[in-house]
Number of protein chains: 2
Amino acid sequence: MALINLSTRDLEAFLALAHAHHFTRAAEKCHLSQSAFSQKIARIEQTAGVALFERSTRHVTLTPEGEVFAQEVTRIQQDLQHAVSHLNELATRRIGKVAIAALPSVAAVWMPRVISRYRAANPNIRIELFDTLAEGGFALLREGRVDVFIAAGADVREFDVTELRNEPFHLVCRPSHRFAGKRSVSLAQLKGEEVIHLARSSSVRQHLEAAGATAQPNALEVEHLATVAALVAQGLGVSIVPELALFHFERAGLVCVPVRDRHLRRPIILARRKGKALSVAAKAMVEEILSEARQAKR
Amino acid sequence: MALINLSTRDLEAFLALAHAHHFTRAAEKCHLSQSAFSQKIARIEQTAGVALFERSTRHVTLTPEGEVFAQEVTRIQQDLQHAVSHLNELATRRIGKVAIAALPSVAAVWMPRVISRYRAANPNIRIELFDTLAEGGFALLREGRVDVFIAAGADVREFDVTELRNEPFHLVCRPSHRFAGKRSVSLAQLKGEEVIHLARSSSVRQHLEAAGATAQPNALEVEHLATVAALVAQGLGVSIVPELALFHFERAGLVCVPVRDRHLRRPIILARRKGKALSVAAKAMVEEILSEARQAKR
DNA sequence: GTCAATTACGTTCTCCGTAAGGATG
DNA sequence: CATCCTTACGGAGAACGTAATTGAC
């Protein structure tokens, strides 16, 4: 059996003739000269191995084999049309889906504006946002359930990583606190202060310890930043939190003072699966995230 | 949206690469140089309007859009493959169907051998044989339920007609009848004989009347030739029947004597629908029928 | 005689292969 | 530095258009 090599144009030509029963009119519909069209049909029949049309100069009709083929080709043609237009819709972001995981602070501070802009530009793309801690976010990314994960820390070899920001930490305290008026503080100055900490599993705590700010034995430890803010507001101590977490404390009427320490910085990274391309929809989302991160740096 | 022009080769190339994750190996599978293959993929992506593969010189993977497309293309490819091979099977008569209508005498005399030969050559073609009178056969043909009808008479303008044979008539009588020894008889010699007739609706009777052999007022009229044969065998008269009907009488031990009369002939025709092509399977059947008719003429 | 499909032929353009270029691990 | 994809370029063949030919009504 001969090698088949039919193009979409061939299928169109075949169906056009099957429908028009007339070479000249079908040729026009295909934007071809009538002669070229005739040759094309002849070639198609040759690869088919059987006459598909019965021609007398007056009438053109499908042979029984042609009718069978026409039915099958009609379906195939539609499927292909559909596949290509589907692709096109994905390419132009008229349909699609993007899933992002982000640390809670990022999800709360950056993502609302990011998603707002993205949605305005791509109203029909479905967006999934997971606000998770480090562990859960990397798991989602590993399983392919999210396109990207906005995390903290840079020692991730499993994924492709882009640094979005390297944020400083702030001391947070009540307005009446002795640090409240300072332009900045150093870790050394905190000696003897009651410091309220997040749980050991949090990225914030891990960065603090890496910078040498170990917790006192009897220090308070809680899970959520909102709780930290409430405890600080109550005067039970101060805390040290990264910039992206400050909104919790500003809301509570507390004061933030930058901590000056070269080592106490938290890199915010955008992690992607290695060797796995982003969808068009996800690429556009990453663009928005990068744009937001650039703005935040200023 | 750009004009799409994908060929089956393109689809094969795309799927080969999607599967192999490797340009060079996929190119080999498609019997193409690696360079040509690369260009082909580039063209496909251009018509797709979106990158389908993520290439780093080391790894080739599908983009999310490419994965979607691959799934759809896989199905389309299979459908097309199937459609073409289906066509091929029809063309080579490995599958198919042919339906024939034939007058009872033709069905009984010619068709057994015709069908036997056809079936030997085309064991997988389904054959339908309708043994019908003229009216029913033409109706089946008109409705497209049979490919051809082997009928009698030539005044059919509705269909395309080929004459297969122009058969003479024979007088049939008992061996003891005075005509039994003759080489031939004329219609004139039958004056005064008891002639047993078929019903007026039969083609045999119509031909007889057209040739001037009108029935006597009190002549016996029956529906079936087998009955005529039985009546003749009983000595109730003679009959005049076309050659293809003789088997009924020979079986009954009766004698056949040719009738010499220029006008008393029955043309056997092969009728087809006008402007409607025969299937490959039907064409082969017509060939067998023509062959049988040629043999019968000798 | 007219309309319509096929055939003939010259042109254009697509597609392929060889070979050079460039990127990645 | 070896592998492998891409780009450059030239040639072969396919596809197309114009025009002549054939065939049917």
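Letters A, B, ... are given to chains in the order of the sequence lines, protein chains preceding strands, and every chain is numbered from 1.
Contact annotation: the side chain of Val146(A) never approaches that of Ile100(A) to less than 4.5 Å [non-hydrogen atoms, C-beta and beyond]. Under the 4.5 Å side-chain criterion, counting only non-hydrogen atoms from C-beta, Leu103(A) is not in contact with Ile150(A). Residues Ile115(B) and Glu288(B) fail the side-chain proximity criterion, which asks for heavy atoms closer than 4.5 Å.
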### Task
Please report the C-alpha distance between Leu90(A) and Val280(A) in whole Å, then the side-chain angles of each, then the deciding distance to 0.1 Å, and finally whether the side-chain contact (heavy atoms from CB on, under 4.5 Å) criterion is met.
CA-CA 7 Å; Leu90(A) 288 174; Val280(A) 174; 6.0 Å; no
### Message
Using the rule given for side-chain contact (heavy atoms from CB on, under 4.5 Å), can you reason through Lys40(B) versus Asp10(B), listing the C-alpha separation, both sets of side-chain angles and the distance that settles it, and then say yes or no?
### Response
CA-CA 7 Å; Lys40(B) 189 178 271 295; Asp10(B) 291 332; 3.0 Å; yes
### Message
With side-chain contact (heavy atoms from CB on, under 4.5 Å) as the criterion, how do Thr47(B) and Asn5(B) come out once you've worked through the C-alpha distance, each side chain's angles and the decisive distance to 0.1 Å?
### Response
CA-CA 8 Å; Thr47(B) 71; Asn5(B) 190 19; over 6 Å; no
### Working for side-chain hydrogen bond (donor to acceptor under 3.5 Å, both in side chains), residues Arg94(A) and Thr92(A)
CA-CA 6 Å; Arg94(A) 271 175 297 172; Thr92(A) 55; 3.0 Å; yes
### Query
When you look at Ile127(A) and Met285(A), which way does the side-chain contact (heavy atoms from CB on, under 4.5 Å) test go after all the steps?
CA-CA 10 Å; Ile127(A) 304 172; Met285(A) 176 60 82; 4.2 Å; yes
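If you measure from atom CD of Glu54(A) to atom P of dA24(D), you get 12 Å, rounded to the nearest angstrom.
The C1' atoms of five pairs define one axis at each end of the helix from dG1(C)-dC25(D) to dG25(C)-dC1(D), and these two axes lie 30° apart (to 10°).
Taking only side-chain nitrogens and oxygens, Ser38(B) comes nearer than 4.0 Å to OP1 or OP2 of dT6(D).
The stretch residues 61-69 of chain A does not touch DNA chain D, since none of its heavy atoms comes less than 4.0 Å from the strand. DNA chain D lies under 4.0 Å from at least one heavy atom of each of the following residues of residues 13-26 of chain B: His22(B), Phe23(B), Thr24(B).
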Polar atom pairs (N or O), protein with nucleotides 9-16 of chain C, under 3.5 Å:
from    : atom 1 : to       : atom 2 : distance (Å)
dC15(C) : OP2    : Arg43(B) : NE     : 3.2
dC16(C) : OP2    : Arg43(B) : NH2    : 3.3

Shorter than 3.5 Å, N or O on both sides, protein versus nucleotides 19-25 of chain C: list them out with atom names.
from    : atom 1 : to       : atom 2 : distance (Å)
dT24(C) : O4'    : Thr57(B) : OG1    : 2.5

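Checking side-chain atoms of Asp160(A) against main-chain N and O of Lys274(A) turns up no donor-acceptor pair under 3.5 Å. Side-chain atoms of Thr63(A) come within 3.5 Å of backbone N or O of Gly66(A) as a donor-acceptor pair.
Under the 4.0 Å criterion applied to side-chain N and carboxylate O atoms, Lys283(B) and Glu54(A) are not assigned as salt-bridge partners.
Under the salt bridge (Lys or Arg N to Asp or Glu O under 4.0 Å) rule, Glu158(A) has a single partner from Arg273(A), Arg142(A), Arg272(A), Lys276(A), which is Arg142(A).
Aromatic ring centroids of Phe14(A) and Phe69(A) lie under 6.0 Å apart.
Every residue was checked against the ring-ring contact (aromatic ring centres under 6.0 Å, His included) condition with Tyr118(B), not counting sequence neighbours, and none meets it.
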